[in-house]
Every structure is written in structure tokens, then in C-alpha cells.
Amino acid sequence: MSVGTGRDDGDLLQVQDVIMRFGGIVALAGVSFNVGRRQICGLIGPNGSGKTTLFNCISGIYRHGSGDIRFEGRSLSGLARHRMAGLGIGRTFQNVALFNSMTVRDNMLVGAHHLAHSGFVAAMLRLPATRREEAAMQATLDELLDLLDLRAVAERQVSSLPFGTRKRVELARALIGRPKLLLLDEPAGGLNHTEVEELERLLRQIRAHFDLSILLVEHHMNLVMRVSDSVVALEFGLKIADGTPEAVQREPEVIRAYLGETEAVHAA
Amino acid sequence: MGRTLLRHWPLLFLAFAAVVPTVALSNYQLFQLTMVAVYAVAILGLNIVTGFNGQISLGHGAFYAVGAYVTAIMMDKWGVPYWATLPVSALICACTGFLVGLPALRLGGLYLALTTFALAVATPQLLKYKLFEGWTGGVQGIVIDKPDPPFGLPINADQWLYLFSLAVAAVMFLLAANLVRGRIGRAMMAVRDQPTAAEAMGIDLAMFKTRTFAVSAMLTGIAGSLGAIAIQFVAPDSFAVFLSITLFVGLVVGGVASIGGTIFGAFFIEFVPNLAEQVSKAAPGAVYGIILIAFLFLMPGGLAGALRKLLRLA
Amino acid sequence: MQRRTLLSTIGLSTLGAMAGLGRPGAADAATPGVSATEIKIGNTEAYSGPASAYGAIGHGLVAYFKMVNDQGGVGGRKINFITVDDGYSPPRTVEQTRRLVEQDGVAFILNALGTPNNTAIEKYMNAKKVPQLFVATGADKWGDYQHYHWTMGWQPSYRIEAAVYAKDILANKPGAKIGILYQNDDFGKDYIAGMQDGLGAKFKAMVVKTASYEVTDPTIDSQIVTLQGAGADTLLVAATPKFAAQAIRKVFDINWKPLFFMTNVSSSVGAVIKPAGFDKAVGVTTVGYAKDPTDAAWANDAGMQEWRGFMAKYMPNADLSDANYVYAYGVGVTTMQVLRQCGKDFSRANIMKQAANLHDLVVPTLLPGIKINTSPTNYHPIRQMQLQKWNGKTWERFGQIVGA
Amino acid sequence: MLLEAVGLRAAYGQSKVLHGIDFTVRKGGVTALLGANGAGKTTTLRAICGMVRTEGELRFEGQRIDGRPTEAIVASGIAHVPDGRGTFMELSVEENMRLGAYTRRDRGVAADFDRMFTMFPKLRQRYRQQAGTLSGGEQQMLAIARALLLRPRLLLLDEPSFGLAPLIVQEIFEIMRRINEADGVSILVVEQNASMALAVADHAYLLETGRIVLSGPAADIRRDESVRRAYLGY
Amino acid sequence: MDGLLHQVFSGLATGGIYASVALALVMIYQATHHVNFAQGEMAMFSTYIALTLIQAGVPYWWAFAITLVVSFAIGAVIQRVLMTPMANAPVLASVGIFIGLLLMFNSCAGWFFGYTLKPFPSPFGEGKPMLAGYLSRHELGSTAVTLAVLLSVWAFFRFTRLGLAMRAAAYNPASSRLVGVNVDRMLALGWGLAAAIGAIAGMMVAHVVFLEPNMMSGVLLYAFAGALLGGITSPMGAVIGGFVVGVLENLGGAYVVGAELKLSLALVIIVAVLVIKPSGLFGRTIVSRV
């Protein structure tokens, strides 16, 4: 099952020559790369190199200038933001963007919003179809609560949870929508070594279990290099390297612009 | 046992509210309770859009007025029975709400609040506008008849009006509760809490904001219709800006985003002005203001917020 | 836990009962509100809200009936005057009126304020056959004895007043080009209707421009400019005091010198002429029916001395320039006449009958020569008035007392 | 001792976060506060600045500061770079920096501005720009500059490496060292990246669920592999 | 043509009134990020204080100065007593408090000072109208006062350390404390200054519309409109917005829709402008990275 096929065998995500300007500043100066199916792709680069901008272009928050972003062969240009989820693109946010007044359970259920279809009238009348949809959502929800170890806090309001747990809730919220591509914005931020190792396991598990691709923006080199199938490095809105983790971290440009000598050695 | 009772408290409340007052209270007191039911539905409408969806409206009196006028005009000009005007009023108010909601897509927070406030101020002048005068009766307004109890029920008109309003209110509360409890309600709150993330979850902000406005206007409009039937009179002066402010006060003291709190808010706006007036004829406004401030001072989250806190401690 | 919910549920319901404070006791007399020792009279007033300036009328009536009681009451009974706030909102007027009639069981409602407010209760009052006496509004509709037997006005109607101006214009300035500034509500629109009555077919030709304003408007400067720009040489201002005073000043400031008619509502020397400026108002014409408390002409008038005596004793702190107290006194005097005429029969029917049976009643606060008359086919107690012009110091009456 | 905490407890509403901890910051030293998420590290910094309700004793340069309002504590010489950096997003870089010097009335402010520009050349370029448009690294630099403009004697840093690229992280830690050595500013740093933190710190405390479970010279902790594996996981 | 000019000038005069109240709204917004619905009523109350002083024989400018001080104190006290405990309450509860204050001030003014219309003196003298009869001396004078207040407010926020601290406290209280700003004092100062600016507006307005308890209810709405149109973050914008609303309203009322829809027309224009430029004509759009 797929949407707008035609090039279904190609890569899941194709970023082609994307240019993005804010006023006079060029944030992305023609970036291209692909993410294959069931791949984990790491996106690295110094702060301000355009990672988050690119991320936001893919998820539709920014409208890029020229170039094209294709998902399953279908162009995302001009597509409304709320359509992304339906196509199969899920995401998390750098600083965690949960619905703070709601419980963990309700937060996750919002993640499944696009999977159901009943509208205002049906909801007000609580038609059987609506009830069936609700029940279906609950089943997936239970599964994820266990997988991400959130069952104990399911009824808690998210604003009362510690940062690390909130990050997991956000991940769960993205996963319940059954994405084919998961965009993760610094999932390791604020986690210590042990927690990062857990995250690494979790990412592999998720890929296997949900059969999806991940685009990972992350500064934590150990994580990126260990978990990614391919890595793309940006600087000043330009791609400076693209390839396997090993190749990219040996790239002199990457070392100069991003890693610095010690980190390169350390990560290796 | 306790939990079951708790879960069914709306039903118990409804049964209690239907039987006890009808038997025990005078016609005048029943009339007051009728108005409480009316205001409760009006505040409920406001709560949907402001409490659950986070779009602050200070102009819901306008929708109340539209509902009231639709009913009054239909009864007066075309002799439509009172109950039959409700669906029409609901539809027209929903459309009006949808249209008002369109600019709301671009205007956030404060700007929306003040724009709707301006709408509230402009409402009487629009109702008086000469082009509509043939229908609205201009400044004179419209006097309508009080409904008699149907099927030869052995009750008087006030008792019937109370039961009718209560029944309509109960249905509205049920619809609203269904709405906010399910997928749509969660999406409404998601839009309020974190619009960017909501959009990433596949929620169409524009669609949600305008439709929420429509539902909200529909509820408040139905309240307007009921209010017109109960008061038997509509005139531009009945829908001055203070009506919108009153509804807002009801929302805040009842508790934002609380369905049950709405009922308390309605009691507050119905009875506190009378209380204030009994305290001082010289400055009832000051007494009302002080009661309001004192209340919010003690319970900034409204009654619902205070109860929630209490339950959490217990 | 469920007990708390239940308790709060009960709490909510009892709140309703509390505000009403018990049910009315079974009536022991034939007429509700009338016992061997007292007569209950109800009144709704705008103590809060946009029209709270008129709250003075209610306070004045309270003081007046206190005086009556101090003097022994009427027919061996004291007056129990119950006045309540409706915030000038018709729905609340309905509610408060029902409280007065059903809960407090008043014999009748006196001098309820506001046209929309009285309209809201008119049907109810007549269905219940409770007198709605001397309503505090000058709308023309309050004389409709055929349809509303239980509802009666008091002050001269705005519409008749406007017709008086129209006749004056026709007589003295037949070629006038008239501009009208009116408040966009029943009050203002009655003046348009009255001008139509008075000018008849010539209305279209003579009225060159009408401009309305809303009570929420901060100023009416633009409207005055518009009327002047339309070439009007005669101006009728149907505005409440604040806007009337603004109009007088703006007309003066832009050096416009029209023949200037001003509604009686805004003829108070203290509240309109003085703020606007004594010299700026010279030439303004209005009709009067009551004496102005701030007009030097009545400094030694016996009727106004009586009023001042009352004010000094019963409202020592009140603002003596507020014409609402004069108004209240006049209403009080009229009401007492009705009650005295009732003799021993204080049934609602007899109260209404006597209210419609006033003959040449002289009220000390009304202009000399103006008398109150009612009959079963005349529900306009005050129909007479007299034109008067501001001469810089006082209102100078001229011409005959006119009545419709 | 520059800063001394005795039996420090802190709570948000009903939930207690710190259960009575003792620690000190040596004058001229760099102290690291390590531990997992939710251990209470950030809360400790907030407690020092009077941003949460506390019990116990806090002394800065011998004076009791617990219970005093935040702005008074700050004015006494403690600068705090909070988590999330606390940038005034809506204001310009210039205004952010001027706010940093808010408590100062001496004539050295202009010179300090220049010093900041030498230390963080990016800030000079972005001087008139709205701070919300800065990248994460630039915001972190702005936050540190803002804190230094206060001329503090103690600098509290909450996760200075958060969201930053490796090179920038190195740079930030380098700057930390310079501030400490050249300007004699004492530093208390909270950091997830334990290896980095231990590299600059001279003393470290390890927090676990609101209690100090380990403390000692940073060099010892760095060397002790069993401690590293057990508590720091690397 | 003459009529048109006349309408424009009359609109400018009324616009000046809106502008002066709009400035008070900008002040409180910049300082607290609230829109104070009671601002107009507080200004009205201050004006009564001024009138009481003048009637007691205090010279105009002395009364003016004392009123500013008293109003400042009232504003600061309200902030301290009412708003400080509400700091962590939901926004809507604060709006509720503002409504309560509005009712209180309005009702108390009627109670203390009566509802009778009162003339309020102008410091600029009565005299003959100026500018070929288009503007009265007071209208010119009060416009000058409005512009002077604008200049002070603008300079205060732009150049002073206190102005910066006040804006910072409104945007980000926690960070402000961390740079040593006493946030509570800033909020109280903001309330005080807004009340004082409101008092100036009230004293200028009262001469034109006459003093009575409901004097400001109409003005406030138009002042809101002006502030929103110009951008509530910009003192300059609010003043220009006030003038624009005054003129637009007059021209629309006189030539387009007739006076009975004046307000509705103004409303439509404002919504239209805001839909195109949501931060107002002169408001800054704040960019923030997601």
C-alpha cells in the first residue's frame, strides 16, 4: 500500500537542490540527499548550518524556495502542513512540543488523529463509527505504552513529567501515527550516557518493529555514528559530506567544520 | 459503588434538577432556574471555543443575539412553533460562527479577543440597522408569546418552560461532552496547547478553528433562542456589550475548559447581580466587581479549578 | 468522594432558592401587596449599567415615600416601596418584575425605567392585570389604553414634543432647512416620527439631513459638521445630556448659528447648559413641563421651595442640580393622588381606575399652568408643555401652553 | 568557601526534589554537578538563585542568601545561565547584553562589552539582530556573555553543551576555562556530558534522586573506572 | 471640500483622544503583556480626583501633577494587591479581574461623584478656534500633550535602562530576575505609569466629552482599535492608529455608510488590516525559531 506511486522502488525521501532564504540570509543553498527505506540517516552540522531549517522544510513548517522534496516519489512542495502526517511523515521537536495540559494518553491519541476520520457532528452524536475508531486507537495505544515504558504515567499530565520521559512521550506520539518516515530533532539532547545508550537500542527496535526510516538530527556523535546507515553533514546551508558514518567522520571538511580533532578521534 | 455514582453524576443531577425544583419552587424561582439553564448553554458554547480551543472571544453575546432574533422573527413573522425554531437557529448561528471564525484564523490571542469585543459593542447597532428593520422591529424589538405546555400536561407554562429548557440544555451538554471527550475534543485542545505540533499530527488548524467557532456559536445561539422564548421579548438593548462580558465572567468563575463548571458559572451570573443589588442600591456594580474579584482571587482557576485541586489533594 | 460531588450539586441548586429568600406567604388580603397596614409598590431601576444616571429617580422615590410614611401614609397604611436594579437590561427587567409581582407580591409597579424595559414586561403585566403605572419613558406608545389597559405613561411623549417644534418651525420659519441629530434608539427615533407628524408632507422637503449617533460614541462632532455641511439652518437635537452639551458647544465652536431646538430631556441647566457654557447656549429652544432645579427663575417659587424642603430633610447629601429628583417628586405626588382617590378600595382594578381618573391635578414641580389629566381614554397624564428659550441666564418661556 | 550549602532541600509544590544536600564551591574553582535526568541538578542551581522554595542553609561569601529574592541574590554576585538559556527572544542582541549589565552602575560596562566581542565575535556581527533569530550556539554565547556582563564572582551554568555541535561544545568549555583562569570567576556547572565536565572541573558531585551519592576531586572520579561505569555510564 | 477638511480635522481631534488612551494601553501591555480593560475607568476616576482638587481651589497644573502622582499610586497599589497574587493564574482569570475593576471604578465614581455631567477645565483656555476655525485651542493643546507623552514613552522604552528592564520583565520574568531585575517592582511601575498616562488622557478627554462615570466606555473601544491597528507593541503605532481610526470613522460615517454604522465600519477596516498584517501597521513581527 502506498500513496502516489510511480517511483515506489526509489528512495523514500529525496531532497533535491533545496534552497531556502530568510530575507537576505541563505539558510539552505541547494542541498540534495536521499533517505532509503528502513534506513536511519543522520543529519549533522554546526549550529546554524541549516539542519533545523531543512528539517522544517521536510515537515512543511517552512516553504522552501526552489528545489524539490519528494516523499515516495511524490513532491511535497505546496502541500499543507497537516497533510504530512497523513502521508506518513512523523516528527518530534527539539525542545519537546507536547500538549501540556493533557495526559500522556491523550497526547498520544492526538498522534493518531489522522488515522481516524469522523468529524464534529459524528463526535457530538457519538455515532457507532466514532466509537469503533476510538476503540481501535486504544489498542495501538496500549501496545506503545508498553513498548516505551509509559504505562505507569499514562494518566499523568505531561507537564508534570521529567524531561526524559517527556521526550519518550513525544516519540510515542509520533509512532502511534504509523509513520513511514520519522523525523527526530535531537532526541539525545539532555540525556546522559546511559540514557543515550538506551535511546540507541530503542531507535533500532523502532525501526525493526514499525518498519520505518528515520532522519536524525543529532549532535551526539557516538549515537549518530553508531546508529546511522548514512550520514549527511551540512555547513552554511551546503552539504559538505554524505556517506557512511565511517567515511563522513574521516572527511577533513567535517572534522574542520564540525567535529574538531579530539571528537573525531574519540568517536572513532 | 462510589465510582459508579461519580460516573453517573450528570444523570443524577439532571433527574434531581428536573423533579425537585418543578415541585418545590415558585414560578418566579423556576423562571430564574430557566435562565440559569439558558446561560449555562451560552457559557458552554463560549467554553468550547475559548476554554477548549484557546480562542478568546469577548463577543459571544452577538451569537446569543442572533439565536434570539432568529427565534423571535420566526415566531412573530411566520408563526413557527417555538420548538421548531431551535434547529433553524442552530444552523444559522453555526454559519455565523463559521464566518466570524474566518478572520480568527489570522488573529491570535489578544487581537482576537479585542476584535470579538468590538463585535459585541457593534451588535446592538447592527440589530437596529434600517435594512433589517422590517424583520427585527428596529429599536422596538419583538414581543413573542409564551409557549403553553403540550399534550395537556397538568403543569403551568413556567414549569413547562423550565422542563423544556432543562431538556434542551441537557442535550446540549451531552453533545458538548461527547465532543470534547473524543478525538475532536483532543484535537481542539492540542491546537490550543501547541498549534505547531498539532499541525504535525495531521490536524488542520484552519478547519478546526473555524468549525470550533461554528459549534460554539451554535450552542450559544441555541441559548439565545431559549432565552428569547423565556423572556418573550427581544430588543437591541437586550444584547448590549455587557451580555458578552457577563458570559465571559460566567466562563471564568465556572472554570475554563470544564463542562461542569459551566453550570456554576451560570448560577453566578444569574444570582450574583441580584445579590450585589441587595447589598447596595447606591453602587451595585462595585459590589458585583468586588465579589467577582474576590472569587477569582480565591479560585483563579474558577470553581472547577478549585475542585480539581481539592480532589488532587484528597 | 461522591459525597463531595453530591454536596456541591445540592449547593448549586440551593443557591437558586437562597437568592429568592423563601416563597411568598399566602395572601391574606384580596389584593396582593395590600394589607391592613401597608401597600407594597414595586419599581425597577437602572442602578447599574449604562443608564445608572437615572438611578437618582429611584433614590428620589424611596425618599419621597419615606416622607409620605412619616406623614402618616395613606388610608391608614404605610407605603412599602420596593425598588430593584435591572441594569437597564430588558431580560433582567422581566426577571425583577416577576420577582416583585410573584415573590414580593406588590400591588403595582410604579415608574419602571426605560422603553425597551417596559416593552419587555408590558404583555406580562397586562396578562396578570397588574398596573404598570407612570412608566419612566417618554415614548409615545405608553398611552395605548385600548391594547394595554394596565399600562400608563406619565411624562409628555417625545413624539408630541417634536410635533410642537415642527409646528413652531412651520409658523415662524416656513422655509427652514432642518437638520436632525438623534440618538439611534427609540428615544431619538420618536423625534423623527414627531417631526413627520408635525411637518406632514413637507417633511421630505424641509429636513435636509438626519444624523444619528450611538450612546457608545465618544463625541458627535462629526455629525454636527455633517449637518452644517448639508446646509441646514435649523437644528433639532434629540440627544441625551452629554451629547446635547457637546452639540451646543460644537455648534458654537464652528460658528454655526442655526435655529436650535433641543429635546426637553436635555434641558437641565445644571447638567447640560452649564457644562456646555451659559453663553454658548443662548438662543437654544426647548419645551418644558417641569421646573428646572437650577434655573434661577424658580429661586423663590413656592412649589420648588416645597421640593427643596423635602430634599433638605430626606436627601441631604443629594446633588440638587439633578433634575431626576424633581422628576421623582412629581411622580410621587401623582401616585399619592391616585392612592388617596382609592379611598378604602386598594384593589388593582380600582388603582388602575383611579389612575385613569385624574382631573386637573396640580403638581408643585410642574410649570405653572400645566395640569395632570387622565381618563379611561387618555393615558397620557402630562400633555401640556410650553416653549422656552435660553437667554444666557434662564429659560424664558414664551407663547401659549400647548397641548396635544 | 565561596558558596556553601547545608542540608539544602527543595520542592515544586508537593513533589520534593532535593532531600537535604551539602556541597561547596571553592573560590576560584570549577565544580561540576553530575547525574541522570531528574536527579535534581537543575533544581540545585535554581535553589541557589532562589527560584524554588527551599529549606536549609545557603551561604555565599559567608552571607546567608537562602530565602532572599532572586534579583537580590543575582545582584550579590551570582550569575546564572539557565537551561534553555533564558534568552530574551523578542529583544535585540544589544538589549540582551545591556540587560546583563543591568545591576551595574560602574564605568567599566563599555569595556566589558568590548571584551565580550573579542570573546564572542559572532555577537558583534549580530549586535542589532533580534535574539530569537540566533542559532543555538550563538544563543548560548549570548547567554554566557549576558551572565559575564554582570561581573559575577560565581557563574552557574546549566547544561552549556545542550543542543550544540561538538566543535562549539569544545569552544564553550574552552571559554569556561578562560573565564575561570583569567577572570577568576568561580563556576558551578551542571552537565550531561560527564567526560567534558570532568575535564574542566576540579571538583565534582554526583546526584541521584535528590541526594548526593558521591563527591570528590574531578581527577579522581575521572580516573576511577568503576565509579564511571556505575554512575556515569561511560 | 470644506466639509471634507472639516471632517478630517474633527476626526484628528477625536483621534487624539483615542491616541492618548491607546498610549496608556501600550504602556501597560509593554510592562505586563496584559490589556487592561479597566484602563479607561481608572482614567475617568483620576479625572474626578483632578476635578475635586481644582474645585477645592488647587491651580490647574498643580492639580494635574498631584493627580498624576495619586493615579500612579493607585495603579501601583492595584498591581501589588491584586495582580501579584494572580501572577501564576490563568490569563483568563486576569481578564476577569480587569472586568471586576472596570465595574468597581465605574460604579464607585457614580457613587462618590454623582452621574451629573460635569465640565472639566482646559489649561489651554477657551478662546476662538484656530487653524481657520478647524480646531479649538484645546484640541490643539491636547494633541500637543499627546505627542509629548508619546515622545516620553518612546524615549523611555528606547533609551532608558528602566524601560528596557520593564520590557524584559514582561517578556521573560524568570530571565529578568536572573539579570537582577526586580520584576514585581517593574510590574508595579508599569501599572503606575499606565495609570498616570491614563490620567493625562482622562484630563484631556474630559474637557471634550464632559466628565461623567461612563465617559471612557466609548473611548476605550476606539483606543483599543487604534492600538491594535498601529500595533500594540509600538507607542508610535498606537498614536498613529488612534488618529487613523478617528479620521476613518468620521469620513466613513459622513460619506460612506452613514453615522449609524460608523463603528461597524471601523471594526471591519481594523479586522481587514489585521488579517493582512496581524501585528498591526507598525508592530514588530517577532521571529522565533521553531
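Naming: A, B, ... by sequence-line order, numbering from 1 per chain.
- One distance of note links CG of C:Asn117 with CG of B:Asp237; it measures 7.5 Å at 0.5 Å rounding.
- In terms of non-hydrogen atom pairs under 4.5 Å with chain B, the most contact-rich of C:Thr115, C:Thr83, C:Thr216 is C:Thr83.
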Item to complete: Applying side-chain contact (heavy atoms from CB on, under 4.5 Å), run through B:Asp145 and C:Lys123 and close with a yes or a no.
Response: CA-CA 9 Å; B:Asp145 291 320; C:Lys123 202 168 185 173; 2.5 Å; yes
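- A salt bridge links C:Arg98 to B:Asp158: one of the charged nitrogens lies within less than 4.0 Å of a carboxylate oxygen.
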Worksheet item: Please walk me through it: do C:Gln96 and B:Glu277 pass side-chain contact (heavy atoms from CB on, under 4.5 Å)?
Response: CA-CA 11 Å; C:Gln96 294 287 42; B:Glu277 179 245 11; 4.0 Å; yes
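- Atom OH of C:Tyr54 is surrounded by 12 or fewer heavy atoms from other residues, nucleotides or ligands within 6.0 Å.
- Taking a 6.0 Å sphere around NZ of B:Lys146, one finds it holds more than 12 heavy atoms contributed by other residues, nucleotides or ligands.
- Contact tally against chain B (heavy-atom pairs below 4.5 Å) for C:Gly58, C:Gly188, C:Ser48, C:Ala120: the top residue is C:Ala120.
- The distance from atom CD1 of B:Ile231 to atom OG1 of C:Thr93, rounded to the nearest 0.5 Å, is 9.0 Å.
- A distance-only check finds a donor-acceptor pair linking the side chain of B:Lys128 to the backbone of C:Asn184 [under 3.5 Å].
- Among all heavy-atom pairs drawn from B:Val143 and C:Thr119, the shortest one is CG2-CG2, 4.1 Å.
- In this structure, no portion of B:Ile142 lies under 4.5 Å from any heavy atom of chain C.
- Among B:Ala283, B:Ala240, B:Pro273, the residue with the largest count of heavy-atom pairs under 4.5 Å with chain C is B:Pro273.
- Looking at C:Glu45, there are no atoms closer than 4.5 Å to chain B (heavy atoms on both sides), in backbone or side chain.
- Taking every heavy atom of both residues into account, B:Tyr28 and C:Gln103 meet most closely at CD2-OE1, 2.6 Å.
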Worksheet entry | Derivation of the side-chain contact (heavy atoms from CB on, under 4.5 Å) call for B:Val121 and C:Glu214 | CA-CA 10 Å; B:Val121 177; C:Glu214 299 289 333; over 6 Å; no
Practice prompt. Carefully, step by step, assess B:Phe31 and C:Val94 under the rule side-chain contact (heavy atoms from CB on, under 4.5 Å).
Written response: CA-CA 10 Å; B:Phe31 170 77; C:Val94 171; 3.8 Å; yes
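- Both the backbone and the side chain of C:Val84 come within contact range of chain B, judged by heavy atoms closer than 4.5 Å.
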Item to complete: Take C:Lys141 and B:Gln140 through the test side-chain hydrogen bond (donor to acceptor under 3.5 Å, both in side chains) and record every step on the way to the result.
Response: CA-CA 10 Å; C:Lys141 63 201 264 194; B:Gln140 300 297 339; 3.1 Å; yes
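- The residue among B:Ala235, B:Ser238, B:Ala276, B:Gly285 with the most heavy atom pairs within less than 4.5 Å of chain C is B:Ser238.
- Neither the backbone nor the side chain of B:Pro236 comes within contact range of chain C; no heavy atom of the residue lies under 4.5 Å from a heavy atom of that chain.
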Discussion item. Apply side-chain hydrogen bond (donor to acceptor under 3.5 Å, both in side chains) to residues B:Asn274 and C:Arg92 and explain how you reach the verdict.
Written reply: CA-CA 10 Å; B:Asn274 294 355; C:Arg92 274 195 75 202; 3.1 Å; yes
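- Both the backbone and the side chain of C:Glu95 come within contact range of chain B, with heavy atoms under 4.5 Å apart.
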